[in-house]
Amino acid sequence: MTALATAPETAAPAAGSRPRTRRTRPATALRSVSFWLAAVVVALVLLAAIAPGLLAPQDPLEISLGESFDAPSAAHVFGTDQSGRDVFSRVVHGAGQSLAIGLGATAIGLVGAIALGLLGGLGGRLADASVTRVIEVLYAFPGILLALILIAVYGSSALTQMVAVGVATMPGYARMVRGQVLAVKGSLYVESARALGHSPARILTRTILPNAFRPLTVLVTLGVGQAIVWAAALGFLGMGVQPPTAEWGAMLNAGRTYIQQAWWMDFFPGITIVVFTLSLTVLGRHLQRAADSGASR
Amino acid sequence: MTAETAIAPSGPRPALLARLRASLGGRIALRILSALVLLWAVATIVFFLQHLVPGDPALAILGGASANPPPETVAAVRAQYGFDQPLLAQYADFLGGLVRGDLGSSYTMKEPVARIIAEQIVPTLQLTGASLAIAWAIAIGSTLLTAARPGLAARIGSGLEVVLAALPHFWLGVVLLVVFAVTLHWLPVVDDGPAGLVLPALTLGVPLGGFLAQVTRDEFDAASRQPFVLSALSRGTRPRDVRWRHVLRHAALPGIALSGWGLGSLISGAVVVEVIFSRQGIGQVLVTAVTSQDLPLVIGVTFVVALVYVIANILTDLAAVAVDPRLRTSIGGAS
Amino acid sequence: GCGTADPSASLPAGTKEGGDLVYATDREPTCLDPHNSGDMPQTYIARQYLDSLVSMKADGTVVPWLAQSWHVSKDGRTYDFDLKKGVEFTDGEPLDADAVVANFEQIMDPDTQSSTDLLYLSPYFEKATAVSEHTVRVTLKRSYSPLLTVLSQAFFGIESPKAMARGLEANCAAPVGTGPFKVAEWKRNQEVVLVRNDDYDSAPADAKHQGPAYLEKVTWRFLKDNTARFGALQSGKAQAIFNLPPESVPAASADSRIDTDDFVHSGVPFALDFNTDSPQLSDVRVRRAIVHAADAPGIVESAYGGVFPYEGNALSSGTPDYDENYHEPFPYDPDKAAALLDEAGWTGRDADGYRTKDGKTLTLRLPYNSDPGETPPADLTIFQNFQAMEKRAGIKVELQPKDAASMTAIKQDPTGYDVKGGYWNSPTPGVMYIKFSQETLDIDNGQNVARDFDDELDRTLVQAAGTTDPEKQQQLYSKAQGILTSQAWHLPLYPVQTRLATRSDQVRDIWIEPSEGEPVLHDAYLIRDGA
Amino acid sequence: MNALITADSLSVAFDGDEVLHDVSLALRPGSCLGIVGESGSGKSVTARSLLGLNGERAEVRADRLEATGTDLLRATDAQLRALRGRRIGYVLQDALVSLDPLRRVGAEIAEPLRVHGVPRRAREGRVHELLAAAGVPEPELRARQLPSELSGGLRQRALIAAALALDPDVLIADEPTTALDVTVQAQILSLLEANLAAGRAIILISHDLAVVERLADEVLVMKDGRVVEQGPTSQVLSRPADPYTRRLLAAVPSARSRGSRLSDAPPLELSARDRELLGARRAGAEPAADGAPAAKAPVLKVEHVSKRFRGPDGRERTVVDDVSFALAPGETLGIVGESGSGKSTTARIALALAEPSAGRVLLDGEAWSGLRERRRRYRRRRISVVPQDPLGSFDPRWDVGRTIADAIPAEVGGSSRSEARSHRVSELLEAVGLTAAHARRHPLTLSGGQRQRVAIARALATSPEILVLDEPVSALDVSIQAQVLDLLGDLQKALGTAHLFISHDLGVVHHVSDRVLVMQAGRVVEQGTADEVFFRPRHDYTRELVAALPHPTLQETA
Ligand SMILES: Nc1ncnc2c1ncn2[C@@H]1O[C@H](COP(=O)(O)OP(=O)(O)OP(=O)(O)O)[C@@H](O)[C@H]1O
Ligand SMILES: Nc1ncnc2c1ncn2[C@@H]1O[C@H](COP(=O)(O)OP(=O)(O)OP(=O)(O)O)[C@@H](O)[C@H]1O
Ligand SMILES: [Mg+2]
Ligand SMILES: [Mg+2]
């Protein structure tokens, strides 16, 4: 629940806002370093998600009762857990699960949000008024609360976790899509297209939608990171994927018990999430800046 | 500037609304009305969600480690809680209760939900309040120290903010706990007093502070490029004064507007933080209620949190107006 | 001290009198009246405000408490208790024979929703009557030698009839007894405040002192989180904590200010019970194979870090008539497990390497309560380790986290599980009858988790309950342990232990009574600076 | 007399890029120095240098730089601050955003007083005095208001009041009249004149020669960071020595310039094929002879059109009120009026982008307003628009080629990327004086004039009969404006399109229009031929407008 993408402010970078040029020159070198670092992290996590076997030395589920709570060492770089499982292998294998949940949640959130946002942005006054209301109501359930309610109702599992996070992030996206559609719809270039006599369908598909969705790509980058953090928070509370499955949130939950005795059980999955989401943020910002300086004004 | 001449009298239809909007009091009344509608919607949604729960709520009520309820008991419980009535009757009951401030009775704690929440909301509000203060301190401190300054300072400041904003509560909290309480013994692990508030409030406040700082910094940068800044300088005002008197107010605006939302996110965060630090509060109650499927309690917490959110938003609106008098006409504008 | 507030700092030196003790525990009871339901947290706290008829000593002998003396009839079916005179409940009601009768009636009343108490009493109890003002007679359907031991638990604490008449809800919130403390306030999710009963004069015969408690007030805190609870003790925010987390034991023993008091519960240890209604588990060979396949001592060692010992017998070592021959009846032996499974016909293998028979994979469902308060992390580790060990033998264990309602439902619907974890704390070996008899299976109240019985076992246990001859009891109970072992209805893992950790520099004389491991605060006192 | 301000060989560089080169100037007490030049020529940088306000990234070099006795090159921060506001008052270029929008006007004006140690009690009265002196009615009320509650003219006055708070020796006014309506502009100039008369020295910066001519004793003409010409006003403006100054003067559209070219660019030659392609519909269509709009049937007829909007307060306002006019083929109809008088709304109604609340619009004699969009769409190509802000009217994702191709009717080539289309795009670009290579550029990378040309090319892509031009040149510099106006004239001549030309600039309207429509508060107060309206105005409002024109020479009759 760190305050990432769905903050209302970020949610509505309407086309009309004043351009925020940043001084780019002095920081270019540093930026590109941060960009490449972030890209490498994201690439590694993707590799871990696709082919964990390449990175992980051990079976994430195999216990070794004699080796419980081994501190980080050459044999176990992230140490071992209470059953002697290799934490590093579990972190690597957890990438797939966590990423899938993050992506799935973002997809769910986006699909819902786009439906709502388009309805509000393109439907009539009444539709817009109702959509605004719905978004407002959803906003009144702060993130995790909505997720928890869904879990209370449907029980904890990877799927509910995904849906819960997706629904929880939806209002932010929806508000953005709606704002964006309205801004684009009211823009001069859409009026020009109308003045040219283009059909509504053509204006919608060629002008409104592509322009309204442009900032979404950047937001998805930020959103996936956020979704992973949310999902991990649910996992941390024991309401996500259940042990012994390797998943970052579930590992955090398991590690919490032994925090005084085996800090590495929580520290490493946690720092992985931090570094990964931070990298996504950095990448997202680079994309955003590229988009800002490239196409829009 | 001559446009005032072309005002035609309004038709009768929007008269009431228009008259309401015309005065500040009216706009506040509208705002409150729309807040009530919002609360009703929240209550309705959670009520019907509750009925999607698979299984028998009576069993949840009679649950517990060693429960073995005979069928008669289960039936008695059903009757007691009205589960045998039609859904709409239950809904009417529920709404009626809400109006009277009665949120029903907790399944597991066998106590009125309203009373449980009334007790637990206080520490949570203390926590979120302290966190919000910390967040603002970070945002303003970082902005004033590093924003719109040449050289390394701004880059370090903004880099740090990104990192802070990316710290998840569950991780930051555990790290702070292990380092400062368990290892260094600087602060207590649990404490009801102010000392015990430090780590949880930091855990919650720091990431939000990083986020707010990004927003205020952006706005500060933008505002400090505005002509009125140069204008002030041209009158002989000190640069430091300009930062404080002019730019900071502008920079604070989006942050203030976000604070209502921020409070919501803090309550979300409190769920995790209260669990980590074993603090009393609504978050703990919610987690327990969810794990034990104590739905009246879940609904109650949700409703109260929505209420807090609504109130917080009204307050932030007012705060924003205090800082930006231009907004006076926009209260209640959304409705 | 370490700079934190010492609760006794302001009190005069040289006296035991006065002060406020903060006692932190993990689980919060759902009801303060232990007659209702009957979960462990209830008995722990109830001990502070309820007195029982008798008290049990560590050697298993029973000494007077509210009952000054008692007389048991020859056939063991009639118990006459002579009550202490002049004792009053804290609401001013007198303790008399009628009051005690009312307690038995409340326990037997279905509205009380008693569970534990009924399991102990209902097979035997017939009626309780007031013979005279201070004499109660309990009549049994058949003889029941553990009755006195059973009644010594706080689960059978005596409550004020006037208070009980207020109804379940009020009685749950603030039951009224004759004990050393009174319930002043229950702040849910936080604490129960207990204040001293200044008129107390009915301590059990084995108490360290008579008369009112030394402590003026006890704050009975609920700190679910292990780290926080231990942290509270370290920082002096709590003077005593119950259930020192196993993972904190090393830190606690390293701290000279912290004393620990371990109590091994008697009764049935924590075990994984096998549901014999499941086709694959109806075969004793499969059950034995499962037990052989699991490195039980290793599993426990990993989960409890060597803090809890392994126990393979159906009874915990502290239980009277425990037979250590059965301490580790089926040692870890993967080969033997494989042989047994082959013999039972589970010879096929599926794609994942699990054993199959007639195309069906050898799968065991293991549901557990997903609430970490109900299933502590270490037990979850045990399940995971068990799962991993059985996987090596080709047995697939599915861990199924469930909510409380589903777990309750599963208890009543034995088709919902194959394996389930659980324990039964009890001061008497008679507990075997509660868990494994035809009678409990027939009542179908979910206690007979293995869903099987053995005629000979039943007979042996009934005989043991019927005799008062210690030697005969010992012999019969040994036999019962043997039969249970041969049935392999469960995989016992560790005896449930209670660990009380106290700040020795702040408080003294908290002791644990042996029937249920209840902490006793009546004798506790705070240490004064310079005293 | 000693100069109040002296700069010798002043150069300013930002991050190593020099933007001001060897500028020298001197301001004598009681005189007015005008600085003119196009956008980006360094006027504001010069002004800021005189206060040491160019920021930390600026590197200022000069042989000598003194202001009211302070050596700016060596002054400490404290000395500079003592100078600012007290000795030199500075009125920033952007009047609308130079007051802190979050503070009351009174507080802004009191700021220099506070900074320079005027006690709190004395301030309020002084603020009211200053406002009154700056010609602000109801000063007590205004002081309590927010800048956003004040009109542009009032804001500009408040700024001037703040600059004059401590009675400085010098007032630097940077573009004090831009973005203001003519009448308001005239009032501000009078205010400055009054200050001048009171003996205060003024540096007046403007790109508008007429404004400078009215006030300045001496003029400095700047181009690309250099001074190209300097001297007494009358001499520089009537007998310019530098070709740039001459071009600048020639480029100012006015009654005098009617029918002549404004820029020195050669007239556009369109081949017959081009003309055919660009849709000169009536073969051999004669360009409308000057002053004789054809008696042909009008292509666009607006009849008693009104438009009402509901404001945020729920009240209705009539923005366009009973407007009627007709546009003949090949004719240019100019619409002038102050900001908010309903010009753009009228244009949108003409374009059928807004429906009138009452009245109707006919296109080629057929119904145009009040139709379903479906029935109107195929006729839309007959009427095109050239907006004031071309960038905003381009899809931000598209390059120039795609932007224009999007406007080309479907019959020309199939897909938007086809051969025929890109050929057509090249032709259109060339027709507006760009090259085919521009097709691959993104509009962001073009200059304002080039963007406006792209917008014109797009408007022409449908071969329209009518062009609606809503302030097409008001965002452009005079010389660029001259080129664009010439281009529009050339195209009209060649193609015979009718123009509905909207501008608040009387000179521009007079230069281009056959007939003129004057709007005030949504109503047409006067209409007639351009010369009739401007030389013999009948309505008071028109008279006021014309009288307010600052450049006496520009009002001379031809
Ligand atoms: N702070 C700055 N940093 C970098 N370049 C600057 C800065 N200020 C001005 N410039 C550059 O200096 C040149 C002159 O700018 P200046 O603002 O003085 O022009 P101007 O004549 O006032 O134009 P306008 O009429 O548009 O106000 C421009 O090229 C501008 O880009
Ligand atoms: N969609 C709309 N809703 C409400 N009011 C509007 C709308 N469009 C225009 N107006 C109002 O109508 C009035 C006239 O606007 P219009 O844009 O036609 O003026 P204009 O003469 O073009 O002014 P400018 O010279 O500033 O462009 C203004 O007061 C404006 O606020
Ligand atoms: Mg300028
Ligand atoms: Mg306009």
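Being a predicted model, the structure only gives us computed values, none of them experimental. Quick note on labels: first sequence line is chain A, next is B, and so on, each numbered from 1.
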Quick one: what part of D/Arg348 sits under 4.5 Å from any heavy atom of chain A, side chain, backbone, both or neither?
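Contact with chain A is through the side chain of D/Arg348 alone.
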Note, D/Pro396 side chain near A/Arg214 side chain (heavy atom, < 4.5 Å)
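D/Pro396 vs A/Arg214: side chains touch.
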Heavy-atom side-chain proximity of A/Pro200 to D/Glu373 below 4.5 angstrom
no
Approximate separation, where rounding is to 0.5 Å, of A/Tyr189 OH and D/Leu391 CG:
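With rounding to 0.5 Å, OH (A/Tyr189) is 11.0 Å from CG (D/Leu391).
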Distance-minimising heavy-atom pair for [X] and [Y]:
X        : Y        : value
A/Leu196 : D/Arg380 : C-CB, 4.3 Å
A/Ala195 : D/Val385 : CB-CG1, 4.2 Å
D/Arg377 : A/Gly197 : CG-O, 2.8 Å
A/Arg206 : D/Asp395 : O-OD2, 4.1 Å

Evaluate side-chain contact (heavy atoms from CB on, under 4.5 Å) for D/Asp406 paired with A/Arg202, printing each intermediate quantity in order.
CA-CA 11 Å; D/Asp406 184 58; A/Arg202 176 173 160 151; 2.5 Å; yes
Give the C-alpha distance, both sets of side-chain angles, the deciding distance and a yes or no for side-chain contact (heavy atoms from CB on, under 4.5 Å) between D/Trp398 and A/Asn211.
CA-CA 10 Å; D/Trp398 292 348; A/Asn211 276 301; over 6 Å; no
Take D/Leu351 and A/Arg194 through the test side-chain contact (heavy atoms from CB on, under 4.5 Å) and record every step on the way to the result.
CA-CA 10 Å; D/Leu351 283 161; A/Arg194 280 214 291 144; over 6 Å; no
Would you indicate whether D/Lys301, at its atom NZ, is surrounded by more than 12 heavy atoms from other residues, nucleotides or ligands within a distance under 6.0 Å?
no
